[in-house]
There are 2 protein chains.
Amino acid sequence: MQDVAREAGVSASTVSRALHTRGYASREVRERVQAVAQRLGYVPNHMARNLRSRTSTAIGVLISDLRNPFYADLAAGIEEVLRSEGHQMILVNDNGDPEEEMHAAETLLAMQVAGVIVTPVAAGCPKMLSENGIHVVCADRQLGRAGSDAVLSDNKLGARELTDHLLSFGHERIGLLIDETKWSTGAGRLAGFRAAYEAAGIELDENLIVYTSFDAEAARQTTNELLDQQQVTAILSANNVLAQGALAELKARKLKIPRRISLAAYDDVPWMSLVQPGITTVDQHTVDLGRSCAQLLLARIRDELPARRRVIRVAPRLVIRGSTGPAPRK
Amino acid sequence: MQDVAREAGVSASTVSRALHTRGYASREVRERVQAVAQRLGYVPNHMARNLRSRTSTAIGVLISDLRNPFYADLAAGIEEVLRSEGHQMILVNDNGDPEEEMHAAETLLAMQVAGVIVTPVAAGCPKMLSENGIHVVCADRQLGRAGSDAVLSDNKLGARELTDHLLSFGHERIGLLIDETKWSTGAGRLAGFRAAYEAAGIELDENLIVYTSFDAEAARQTTNELLDQQQVTAILSANNVLAQGALAELKARKLKIPRRISLAAYDDVPWMSLVQPGITTVDQHTVDLGRSCAQLLLARIRDELPARRRVIRVAPRLVIRGSTGPAPRK
DNA sequence: CTGTTAGCGCTTTCAG
DNA sequence: CTGAAAGCGCTAACAG
């Protein structure tokens with residue numbers, strides 16, 4: 001910076017003002033300084049800038065698994081907005097592990113990021129960040145009654161629509177394949193499932209709700225047990241990973257879809273439209289969800305929002321494909 | 001830090017040493033300082049640390065499209081290694097646009113990252129970074145005869161194996177669907193395709209090589225034209241995106257796979273094992289590719305490598321599934 | 001082994 | 001509108 005100052009015949013402070021601040025520098029000087037900076041290939045040092053001005057443009061993004069297209073889409077939406085607004089994304093995979101998540105949060109804190117977007121694993125993480133003055137937006141789910149801003153899919157609505165769709169086809173025994181109901185995602189989807197049964201006036205057999213772990217192979221095994229133990233004419237899988245397992249088991253058993261059994265899943269991902277028949281699902285608008293997270297966080301950072309926490313709930317869209325059809329006659 | 005120092009009855013430098021450097025502080029003092037730091041919830045400021053020590057642990061990762069599972073897997077592999085080694089990943093999508101790529105590189109430079117991993121779009125980007133003293137590893141492809149370290153898939157070998165596989169089934173007219181041959185990826189895959197024909201002693205009709213753009217819909221249209229204009233018994237798609245388009249067209253035409261036509265693709269991604277029949281492909285070990293990039297970069301940063309540039313070439317693995325079979329009788 | 005001293009490169013008062 | 005001076009929070013020399 002000194003070099004630029006000397007070359008342009010001004011002081012360092014003026015260079016700083018000419019390059020970043022607006023006003024506070026005559027047009028003539030500003031242009032001269034910018035030309036010199038360009039010529040010398042001067043690149044300002046973010047670290048020094050941030051240190052001095054006690055601000056930073058980096059944003060931490062804490063997600064569970066980049067290899068799951070849901071999280072990849074979310075991250076892509078977030079990154080798109082951040083980049084266009086001159087921010088940087090520090091991305092961390094926490095693998096769904098609370099310890100890794102907390103460790104990552106501490107690193108982000110140390111880096112003095114301007115904010116964090118997190119798909120929380122444990123409530124302690126957003127809490128710790130907030131307490132340290134870092135703005136936090138929870139993406140996809142919220143834990144506890146944390147006071148953070150959040151952008152969520154309307155899980156109850158989506159599951160309700162999927163279930164209504166199946167019920168309208170005459171399915172009365174729909175197996176719900178689900179991995180967790182402690183987070184707002186699983187809880188919402190289960191609630192939507194129940195609500196649809198209730199609205200239809202059909203009593204729900206609790207044995208139709210089967211729990212598995214968040215893993216395609218486990219889901220396949222669970223589907224296997226479900227098919228053996230319960231008379232179901234349809235399966236509703238609570239997310240894209242479980243759907244893979246369910247589909248694998250149905251194919252292995254050579255059950256005709258949807259003639260013999262219908263399959264529907266929460267969270268549309270690319271393979272669902274490529275398999276034959278295509279899987280009926282709900283599109284969560286995941287990339288948009290990511291964009292909203294980033295917009296909300298930036299608005300918060302710029303102090304453009306009322307203090308009260310804001311929760312944005314995005315309605316998913318039912319996507320009907322070939323995997324669902326009329327329930328077989330008895 | 002002053003607070004910690006005062007509370008522990010030592011100087012700031014001692015706190016610094018106790019917390020980070022090893023040796024240079026008595027065990028007793030170290031433990032006391034750490035305890036105090038813990039109690040006060042002290043989190044060291046990375047910016048100040050980096051500014052003073054003129055080092056940084058952040059690494060820039062510049063890729064084309066996070067929503068493509070290839071890049072997502074690559075990023076996941078990179079992130080895994082970086083995180084385990086105490087580094088952070090700043091991820092930027094450049095959307096395959098040279099201007100966005102260059103702009104991102106400048107930002108990373110300004111942030112004083114310790115190194116950059118890039119799937120280059122234009123040769124100017126790795127060049128500019130190197131010239132500014134930033135270590136660069138090119139991932140997946142290299143442009144020009146850039147002197148950067150690189151981790152690449154052995155594209156020629158992979159395409160050769162796929163083509164050999166098809167030829168061995170008696171296919172003589174294999175349509176190669178490809179988007180570009182300027183980068184080392186496309187060029188290598190084309191070379192492998194040619195090499196297989198040559199080794200088999202079959203003359204290659206140049207009309208079998210059809211160019212399209214990097215987009216599933218365009219690939220579908222191109223496949224449509226290929227099927228109309230050329231007698232082909234098999235299609236080889238140069239990457240996972242083009243394969244989607246090719247498959248869509250074959251399904252739309254209700255061509256039996258592989259009875260009427262075989263389909264093979266470079267780059268195994270999840271949907272290829274979920275569709276029926278599964279797609280024959282080569283697995284690039286993408287996550288490993290990412291890990292290698294990160295390991296190579298870190299070794300370079302730590303100055304553990306000879307000056308000469310290192311290029312790691314990873315052999316892909318042929319994955320035979322149901323989409324390829326004997327060529328139909330004439 | 002530890003304290004003191006001097007900055008890293010930049011921005012922000014404060015005068016002028 | 002511009003320059004001089006004073007640090008941001010930390011670590012690297014240098015003595016002790």
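The sequence lines fix the lettering, A, B, ..., with proteins before strands; numbering per chain opens at 1. Only this structure's heavy atoms are used, side chains among them; waters, hydrogens and symmetry mates stay out.
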| request: List the steps, then state whether side-chain contact (heavy atoms from CB on, under 4.5 Å) holds for Arg300(A) with Leu296(A). | output: CA-CA 6 Å; Arg300(A) 190 60 85 187; Leu296(A) 180 54; 5.5 Å; no
| message | When you measure from the side-chain N and O atoms of Ser26(B) to the phosphate of dC1(C), is any distance below 4.0 Å, counting only OP1 and OP2? | response | no
| query | Taking CZ from Arg49(B) and C1' from dG9(C), how many angstroms apart are they, rounded to a whole number? | reply | 18 Å
| Nearest to the side chain of Asn45(B), which nucleotide is it out of dG3(D), dG9(D), dC10(C)? | dG9(D)
| said: I want to check one thing: is the phosphate of dG9(C), taken as OP1 and OP2, less than 4.0 Å away from some side-chain N or O of Tyr42(A)? | reply: no
Please list each protein N or O that sits under 3.5 Å from an N or O in nucleotides 12-16 of chain C, with the distance.
from    : atom 1 : to       : atom 2 : distance (Å)
dT12(C) : O4     : Ser13(A) : OG     : 3.4

| field | Donor-acceptor contact below 3.5 Å, side chain Arg309(A) vs main chain Ser148(A) | value | yes
| query | Taking atom types as modelled and ignoring hydrogens, do the side chains of Ser16(B) and Ser13(B) form a donor-acceptor contact shorter than 3.5 angstrom? | reply | no
| Would Thr185(A) and Glu180(A) count as having a side-chain donor-acceptor pair, cut-off 3.5 Å? | yes
| In whole angstrom, what separates Gln2(B)'s CD from dG7(D)'s P? | 14 Å
| said: Under 4.0 Å, heavy atoms only, any strand: does Val29(B) hit a base, just the sugar-phosphate, or nothing? | reply: sugar-phosphate
| task | Quickly work out the Met47(A) CE to dG9(D) P distance and round it to whole Å. | result | 15 Å
| said: Taking salt bridge (Lys or Arg N to Asp or Glu O under 4.0 Å) as the cut-off, I'd like each qualifying pair that reaches into residues 88-117 of chain A, sequence neighbours left out, listed once. | reply: Glu100(A)-Arg83(B)
| CD/Gln38(B): more than 12 non-hydrogen atoms of other groups inside 6.0 Å | no
| said: Measure CG/Leu51(B) against P/dG9(D) and give the value in whole Å, please. | reply: 12 Å
| message | Nearest whole Å is fine: how far is dC10(D) P from Met111(A) CE? | response | 15 Å
| field | Separation of dG9(D) C1' from His46(A) NE2 (nearest whole Å) | value | 19 Å
| Between P of dC10(D) and CD of Gln112(B), the distance in whole Å | 19 Å
| Which nucleotide, dA4(D), dG3(C), dT11(D), lies nearest any side-chain atom of His20(B)? | dT11(D)
| query | Are Gln88(A) and Thr57(A) close enough that a side-chain donor and a side-chain acceptor fall under 3.5 Å? | reply | yes
| request: Taking all heavy atoms of Leu66(B) and all of Ala72(B), pick out the closest pair and write down the distance. | output: O-CB, 3.5 Å
| If an axis is fit to five pairs at each end of the helix from dC1(C)-dG16(D) to dG16(C)-dC1(D), what is the angle between the two, to the nearest 10°? | 30°
| request: Show your working on salt bridge (Lys or Arg N to Asp or Glu O under 4.0 Å) between Arg67(A) and Asp73(B) and close with a plain yes or no. | output: CA-CA 6 Å; Arg67(A) 302 190 61 195; Asp73(B) 283 2; 3.0 Å; yes
| Relative to the 5' end of DNA chain C, which residue comes earlier, Ala48(B) or Val10(B), by the nucleotide with the nearest heavy atom? | Val10(B)
| task | Find the distance Met1(B):CE to dG7(D):P and express it as a whole number of Å. | result | 18 Å
| task | Verify the contact: side-chain N or O of Arg54(B) to OP1 or OP2 of dG9(C), cut-off strictly under 4.0 Å; return yes or no. | result | yes
| field | Atom NE2 of His285(B): over 12 foreign heavy atoms under 6.0 Å | value | yes
